[in-house]
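Notes follow the structure.
Remember, predicted model here, so these are calculated numbers, not experimental data.
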Amino acid sequence: MVGLASAISKNAEANKQAREQKEYIEKMYALNSAIAEERFNAAKETAERNAAQAEQQADLADKSLDITEQSLSQDFNTAIDNLYLSQESDAYNWNTAAMQMGSAEGSAYSNLAASGVRAGSSLSDAVLMESAVNENQLQFSQDAKRRSDDANLSSVLANLAGNRFNIQQGRIGADVTRDDAAWLRNSYLEGGHNYNLYQNQLAQLKETADYNVTQANYQIEMSSGWNAFLSNMTGMFQGATSGYSLYGKLSNAWDKLKPYTQTNITNT
């Protein structure tokens with residue numbers, strides 16, 4: 001009876017603990033799944049907000065580059081127009097200077113002829129030298145101005161090339177920002193990197209919970225129904241066996257002590 005009572009008590013306790021363990025496992029699975037879902041949704045929301053902000057920054061960068069490009073185009077056209085107008089003005093000025101020098105030279109020779117100075121005289125040579133100096137000065141001014149215009153044109157073209165490179169680089173940067181934003185947003189959609197990690201986490205939680213629930217169900221099964229009855233019967237028979245063994249040992253001991261006990265009684 002002691003063995004039977006002990007077996008019944010152990011099975012009841014094991015059944016209770018298994019059921020409590022199963023309930024705890026199911027609650028923890030639900031809680032951990034909810035936490036994982038909340039964290040995923042929060043990360044997804046943050047990613048969506050960051051992606052939207054990045055796209056806005058890219059759009060603003062494009063608009064700024066549009067303004068820069070328009071301003072660059074206007075500045076370039078203005079610089080070319082100014083250079084063209086300067087060259088046109090130089091052409092008129094040079095023609096005027098050439099005509100003035102020719103007129104001055106003609107007047108000088110006319111005055112010399114009127115005064116009776118012969119050709120080849122020192123005054124005639126002076127007029128010729130002055131005319132040559134004026135022509136050289138005009139030619140020098142023309143050459144210097146052409147070099148200056150070439151340098152200005154090279155500077156304008158270099159500035160145009162540099163600004164176009166910066167604009168192109170800025171547009172590439174805006175496109176990269178948009179691409180990064182799209183990747184971040186898509187990573188939380190079905191098939192994306194972060195979405196797959198979330199699904200793997202849920203699968204891992206479920207796999208662990210299912211395994212632990214299976215173990216708890218096994219313990220419940222082994223401590224209830226027919227299995228509990230067999231366990232109780234086993235406990236009863238083990239108790240009976242132990243009791244019979246104890247009885248045998250006590251009987252043997254009594255048999256050994258019995259002669260001494262009878263002798264003491266007879267003497268008394």
Residue pair E69, R171: steps toward the salt bridge (charged side-chain N to carboxylate O under 4.0 Å, His left out) verdict: CA-CA 11 Å; E69 192 171 23; R171 294 198 185 281; 3.1 Å; yes
Under the salt bridge (charged side-chain N to carboxylate O under 4.0 Å, His left out) test, residues paired with R164 that sit two or more places apart: none
Are [X] and [Y] close enough that some pair of their side-chain heavy atoms sits under 4.5 Å apart?
| X | Y | result |
| --- | --- | --- |
| L65 | Q168 | no |
| S64 | L60 | no |
| D59 | R178 | yes |
| E55 | R185 | yes |
| K27 | E23 | yes |

For the [atom1] atom of [X] and the [atom2] atom of [Y], what is their distance to the nearest 0.5 Å?
| X | Y | atom1 | atom2 | result |
| --- | --- | --- | --- | --- |
| N200 | L205 | CG | CG | 11.0 Å |
| I25 | D210 | CD1 | CG | 10.0 Å |
| N32 | L202 | CG | CG | 10.5 Å |
| N152 | N159 | CG | CG | 12.0 Å |
| N163 | S73 | CG | OG | 11.5 Å |
| E37 | I35 | CD | CD1 | 11.5 Å |

Pairs satisfying ring pair (Phe, Tyr, Trp, His ring centres under 6.0 Å), at least one member in residues 169-205, at least two apart: F40-Y188, F40-Y198
Residue pairs fulfilling ring pair (Phe, Tyr, Trp, His ring centres under 6.0 Å) with at least one residue in residues 46-76, sequence neighbours excluded: none
Between the side chain of [X] and the main-chain N/O of [Y], is any donor-acceptor distance below 3.5 Å?
| X | Y | answer |
| --- | --- | --- |
| S187 | L184 | yes |
| T177 | G173 | yes |
| T78 | Q74 | yes |
| S148 | A144 | no |
| T208 | Q204 | yes |
| T46 | A42 | yes |
| N196 | G192 | yes |

Considering all heavy atoms, the nearest A58-A174 contact: CB-O, 3.5 Å
side-chain hydrogen bond (donor to acceptor under 3.5 Å, both in side chains) between S86 and K145, worked out: CA-CA 10 Å; S86 176; K145 188 58 171 62; 2.7 Å; yes
Taking atom [atom1] of [X] as the centre, does the number of heavy atoms from other residues, nucleotides or ligands within less than 6.0 Å exceed 12?
| X | atom1 | value |
| --- | --- | --- |
| E45 | CD | no |
| Q199 | CD | yes |
| E207 | CD | no |

Shared hydrophobic cluster, L157 / I80 (ILVMFWY, side-chain heavy atoms < 4.5 Å): yes
Transitive ILVMFWY side-chain link L160 to L153, under 4.5 Å: yes
Residues K63 and D66 bridged, charged N to O under 4.0 Å: no
Step-by-step side-chain contact (heavy atoms from CB on, under 4.5 Å) determination, L72 to I167: CA-CA 10 Å; L72 176 63; I167 291 173; 4.1 Å; yes
